[in-house]
Amino acid sequence: MGRSSHVLGFGAVIAVFVWAPEEEGHYYPGRVSRWWLKQSLAHLDSSLKSLGTSLVTKRSTDSISSLLEVVKATGATQLFFNHLYDPISLVRDHRAKEILTAQGVSVRSFNADLLYEPWEVNDDEGRPFTTFSAFWEKCLSMPYDPEAPLLPPKRIISGDVSRCRSDNLVFDDESEKGSNALLARAWSPGWSNADKALTTFVNGPLLEYSQNRRKADSATTSFLSPHLHFGEVSVRKVFHFVRIKQVLWANEGNKAGDESVNLFLKSIGLREYSRYMSFNHPHSHERPLLAHLRYFPWVVDEGYFKAWRQGRTGYPLVHAGMRELWATGWLHDRIRVVVSSFFVKVLQLPWRWGMKYFWDTLLDADLESDALGWQYISGTLPDGREFDRIDNPQFVGYKCDPHGEYVRRWLPELARLPTEWIHHPWNAPESVLEAAGIELGSNYPLPIVEIDSAKVRLEQALSQMWQNEAAARAAIENGMEEGHGDSADSPIAFPQAMQMEMEHEPVRNNPVIVTVPRYEDQMVPSMTSSLFRADDEENSVDIRNSVLESRAEVPTDVNVAENTRRDTLDQAVMQTARTNATPHFNFAVGRRNSEDSTAESSSSIRERDGGVVPIWSPSSTNYSDQYVGDDNGIGTSSSYLQRHPQSHQLMNWQRLSQTG
DNA sequence: TAGCTCTTCGG
DNA sequence: CGAAGAGCT
């Protein structure tokens, strides 16, 4: 230990990535997501090499055993990892901590994914918030700021990995390579590219964010979501940079800039809130948060589902969005709302199906964010959209794509249709259609469901839902047990078609069989360079150089915490073992730096961060622990909720707080 | 100024 | 589409 303390007051480090996607259950990452992960890890490994170490990779079906294996092979005495808040990770990480601690390894975990830990943000009575705006207001007025981002290390002392074999990780197969090649033209994964994307955004489009954020052509979004998802840039760094800009603009009296920052931060806040909700309601990715939605009679129609995926809905905006998603793995936030709202309200398909499809196809697929998004759209949150509201793609189309450019880009078959009819071709006069070469029902579909009949059907479904709910209530009052095997309780299975499209195939070099979801049902127009952002035309950044360029001074006078027995600390293992979010690579060293230098101060806030792995009982499916607001206590203005006060009841699962 | 219409915008 | 706010009388 002594010999390495001159660098960072810290021992040798081994960075580990364990690829154990089977642990994610249904949520095996999709093709584009795996593509990103592969590039990101290569980038990370390259950076680590330039700092003096490299990434140890393990293919596993049991990440904890794999970690133990690495610990044993390297003689590591400490393990560091960052918190994740999805239910699978929470349970697994808690177990990892228990098992490794029992093996004599000192385990510490940290917050690197959020501005504040979910348990830090509570209302005046100490209870978690149930609406976003209250939550976010609180976050912005916390008595202490989110911790400042840390600088990358200058150098890492590598642990001895000579007896620790790395597995060759395979993230794609031959059939995927062709499609993946296109992705590289549009996106540059990796932490230094994430830094660039952040800088570019903050110095450019951020100023006009409030003006442009509604446009379907996504030129003004930050494009940070995949980088954030994979842990390539920390949300604290984003927050920090953006706030600095805001202070600057506020001082200049730049009202538009100030407003833009607030709106952009709100979207950062939604990402925070998604973790917060996932932590407080661990089943939020599979069950509606408002109890009565369990009784909604979803239309379990795989034909509709397929039509939605293939863009055969007859609504140009929905169609265009689905094509963009399939072709690029990306969709502007507004269009996500359009296609998912259509899915839930017009087709009335079970939202989990749509969420799963997003998971399989989005480059920034993120369980918590997507769950929050779909629940918001589905009206299953106290502050989400009213369930009985249907977004009409026609009206929304003229708002976010007023000239029809977005639709024409993705639907060349409609290219010659005048703007006046581009979002509702079914109303266009025959002569116009003819001139545009469109024959509805033949070379362009008629609406699969008319909006008006969707409204009627939705009303009926809602009254059915309330009847079902009342019946269930009555059954309970009559002394029947609230059975958890209740059909309304168990999520609708993923469609047969989706499962049939799954292929079981061994992937070369992987010691296990993986299940790869496939959808081969979408035709897309050939891609042109105009689809890609101009600034990404030159890809393949020289990673080594960018590491050198962005390397910064780091403090060298780091204390080692009292509770770390420095004499026995020869090596530490850093686990970066998530498909879900790969922690920023400088975490193990930098984080310690920050933690340790403050560990002796009296700040209870800091102390809270050091070793807490949040858990709750995974087996608990106890619905009785619900949040019950009084009739207007929950702060919603939704008339829908006022009509249905029981909507205030959120399902909650008992949370056991535990200090490590 | 209360009250009305028009506009905007949605977690 | 509807609620909230701006703007007008």
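The shown structure was predicted, so the numbers you read here are calculated from the model rather than taken from an experiment. Numbers restart at 1 for each chain; the letters A, B, ... are given by sequence-line order, proteins then strands. Reckoned from all heavy atoms, side chains included, excluding hydrogens, waters and symmetry mates.
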Rounded interatomic separation in angstrom, taking [atom1] from [X] and [atom2] from [N]:
X	N	atom1	atom2	answer
A:N212	B:dC9	CG	C1'	16 Å
A:R336	B:dG11	CZ	P	18 Å
A:E272	B:dG11	CD	P	18 Å
A:K455	C:dC1	NZ	C1'	7 Å
A:Y276	B:dG11	OH	P	18 Å
A:E137	B:dG11	CD	P	13 Å
A:L381	B:dG10	CG	C1'	14 Å
A:Q394	C:dC1	CD	C1'	13 Å

Is any side-chain N or O of [X] closer than 4.0 Å to OP1 or OP2 of [N]?
X	N	answer
A:R334	B:dG10	yes
A:K399	B:dC9	no
A:R389	B:dG11	no

Notebook entry, point to check: Are A:D366 and A:R275 close enough for a salt bridge, meaning some N to O gap below 4.0 Å?
Noted result: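 Looking at A:D366 and A:R275, the cut-off is met.
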Check: Are the charged groups of A:R236 and A:D113 less than 4.0 angstrom apart, N to O?
Finding: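 Salt bridge between A:R236 and A:D113, a charged N being under 4.0 Å from a carboxylate O: no.
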Note to self: Please verify the inter-ring angle class for A:W308 with A:F305; under 30° counts as parallel, over 60° as perpendicular, anything in between as tilted.
What the structure shows: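 Answer is parallel, since the angle falls under 30°.
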Notebook entry, point to check: Are A:F387 and A:F296 near enough that their ring centres are under 6.0 Å apart?
Noted result: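 Aromatic pair counts; centres sit under 6.0 Å.
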What nucleic acid atoms does [X] come within less than 4.0 Å of, heavy atoms only: base, sugar-phosphate, or nothing?
X	value
A:I377	nothing
A:R271	nothing
A:G269	nothing

Margin query: Would you say A:D383 and A:T131 are linked by a side-chain donor-acceptor pair, where the criterion is simply a distance under 3.5 Å?
Written below: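 Judged by distance alone, the side chains do not pair up.
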Margin query: Are B:dG11 and A:Y376 stacked, with the base six-membered ring and the side-chain ring centres under 5.5 Å apart and planes under 30°?
Written below: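 Ring-base stacking flag set for A:Y376 and B:dG11.
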